Amino acid sequence: RLEVALSPQVNGKVEWTDFRLVAGGLFRAGELMLRIEQVDYQLQVTNAEAAVTRAEYELAVMQGNAQLARQEWDIMQRSNQDLLQGTGTATRQETPKPLVLFEPQMRNARAGLESAKAQLAKARLELDRTIIKAPFNCRVRAKQVDVGQFVRSGNPIASVFGTDVAEIEVALQYADLQW
């Protein structure tokens with residue numbers, strides 16, 4: 001019922017294949033069939049983790065700057081009120097501009113952190129995709145890859161068919177149908 005051409009979602013050199021990855025080989029759903037070299041993808045994860053750490057630092061700095069800016073604004077407003085009250089002039093409460101309180105910088109730092117987290121998730125996903133597992137209980141029809149070969153995303157590496165359901169066509173005479 002099911003027949004698919006397996007293709008990797010990442011590029012790389014095949015570093016290991018299961019001995020059953022041959023025509024006629026049998027796999028259960030989820031069993032490891034093939035592994036693509038992971039070093040490049042592990043390095044991408046490390047770089048992405050460092051980018052998240054940098055983005056968290058940037059956000060913490062911006063939060064500290066925003067807090068200091070708010071405190072300085074409040075101090076400045078109190079001093080202005082004290083000066084104006086001493087002269088008998090009516091006091092007026094001003095609202096600070098968003099730039100003064102680092103609001104755009106904070107949004108930018110948050111966006112940078114979210115972007116770094118997304119890159120980390122993508123790097124981890126690509127690392128996970130270096131492992132090819134059987135999509136369902138299957139038998140290998142044909143194999144187009146071996147250890148040491150460079151594979152590209154989307155290029156078929158094997159053809160497999162499901163073993164859970166089989167369809168058999170039998171030619172029968174209408175009169176023999178009852179048997």
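Numbering of residues begins at 1 and proceeds along the displayed sequence. This is a predicted model, so every value here is computed, not measured.
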field: Taking every non-hydrogen atom, the tightest pair across Gly30 and Lys133
entry: O-CD, 3.4 Å
field: Worked check of side-chain contact (heavy atoms from CB on, under 4.5 Å) between Val160 and Leu6
entry: CA-CA 7 Å; Val160 297; Leu6 293 179; 4.1 Å; yes
- request: Taking the side chain as every heavy atom from C-beta outward, state whether Ser153 and Val10 have any pair of such atoms under 4.5 Å apart.
  value: no
Sub-4.5 Å side-chain heavy-atom contact between Glu3 and Arg141: yes
query: Is there side-chain contact between Leu68 and Phe102, with at least one heavy-atom pair below 4.5 Å?
result: no
message: For Ala123, is there any backbone N or O sitting under 3.5 Å from a side-chain donor or acceptor partner on Glu126?
response: no
- prompt: Hey, which of Glu37, Gln42, Gln38 is the one that makes side-chain hydrogen bond (donor to acceptor under 3.5 Å, both in side chains) with Thr130?
  reply: Gln38
query: Is Val14 reachable from Leu127 through a run of hydrophobic residues whose side-chain heavy atoms are each under 4.5 Å from the next?
result: yes
What pairs of donor and acceptor atoms, side-chain ones from residues 18-29 against any protein atom, are under 3.5 angstrom apart with sequence neighbours left out?
{"unit_1": "Asp18", "atom_1": "OD1", "unit_2": "Arg20", "atom_2": "N", "d": "2.8"}
{"unit_1": "Asp18", "atom_1": "OD1", "unit_2": "Arg20", "atom_2": "NE", "d": "3.0"}
{"unit_1": "Asp18", "atom_1": "OD2", "unit_2": "Arg20", "atom_2": "NH2", "d": "3.2"}
{"unit_1": "Arg20", "atom_1": "NH1", "unit_2": "Leu26", "atom_2": "O", "d": "3.3"}
{"unit_1": "Arg20", "atom_1": "NH1", "unit_2": "Glu31", "atom_2": "OE1", "d": "3.0"}
{"unit_1": "Arg20", "atom_1": "NH2", "unit_2": "Glu31", "atom_2": "OE1", "d": "3.4"}

message: Contact between Glu103 and Leu99 at the side-chain level, heavy atoms closer than 4.5 Å - yes or no?
response: no
- prompt: What distance separates Gln9 CD from Leu125 CG, expressed to the nearest 0.5 Å?
  reply: 7.0 Å
- prompt: Would Trp16 and Ile36 count as a side-chain contact (heavy atoms from CB on, under 4.5 Å) if you check the C-alpha gap in whole Å, the side-chain angles of each, and the deciding distance to 0.1 Å?
  reply: CA-CA 7 Å; Trp16 178 85; Ile36 296 171; over 6 Å; no
query: Do the charged groups of Arg124 and Asp128 touch, with an N to O distance under 4.0 Å?
result: no
Over all atoms of both residues, closest heavy-atom pair of Val140 and Met33: CG2-CE, 4.4 Å
query: Should we say atom CD of Gln178 is surrounded by more than 12 heavy atoms from elsewhere, each under 6.0 Å from it?
result: yes
query: So does Phe150 have more than 12 non-hydrogen atoms from other groups sitting under 6.0 Å from CZ?
result: yes
field: Closest heavy-atom pair and its distance - Pro96, Leu101
entry: CG-CD1, 3.4 Å
query: How long is the gap from CZ on Arg129 to CG on Asn11, to the nearest 0.5 Å?
result: 12.0 Å
Cluster check Met106, Leu113: I/L/V/M/F/W/Y, side chain < 4.5 angstrom: no
- request: Hey, could you give me the CG/NZ distance between Asp40 and Lys13, rounded to the nearest 0.5 Å?
  value: 10.5 Å
message: Between Arg35 and Ile132, does the side-chain contact (heavy atoms from CB on, under 4.5 Å) criterion hold? Intermediate values first, please.
response: CA-CA 6 Å; Arg35 189 174 51 243; Ile132 310 293; over 6 Å; no
task: Apply side-chain contact (heavy atoms from CB on, under 4.5 Å) to the pair Val61 and Tyr57, showing each step before the final yes or no.
output: CA-CA 6 Å; Val61 167; Tyr57 166 77; 3.5 Å; yes
- prompt: Quick one: do Val165 and Val170 end up in the same hydrophobic cluster if we chain Ile, Leu, Val, Met, Phe, Trp and Tyr together by side-chain heavy atoms under 4.5 Å apart?
  reply: no
- request: Indicate yes or no for a side-chain donor-acceptor contact from Ser115 to the backbone of Ala111 under 3.5 Å, with no hydrogens or angles considered.
  value: no
query: Looking only at heavy atoms, what is the nearest atom pair of Ala116 and Ala55, with distance?
result: CB-CB, 4.1 Å
query: Which heavy atom in Phe136 sits nearest to a heavy atom in Phe161, and how many Å separate them?
result: CE1-C, 3.9 Å
- prompt: Roughly how far apart are Gln67 CD and Glu72 CD, rounded to 0.5 Å?
  reply: 11.5 Å
query: Are Trp73 and Met62 grouped together when hydrophobic residues (ILVMFWY) are joined by side-chain heavy atoms under 4.5 angstrom apart?
result: no
query: At what distance, to the nearest 0.5 angstrom, does CG of Asp164 lie from CG of Asn137?
result: 4.5 Å
message: I'd like to know if Leu2 and Ile157 are part of one continuous hydrophobic network [Ile/Leu/Val/Met/Phe/Trp/Tyr, side-chain heavy atoms within less than 4.5 Å].
response: yes
- request: State the CD-CG distance between Gln144 and Asn155, to the nearest 0.5 angstrom.
  value: 10.0 Å
- prompt: Counting heavy atoms not belonging to Gln173, are there more than 12 under 6.0 Å from its CD?
  reply: no
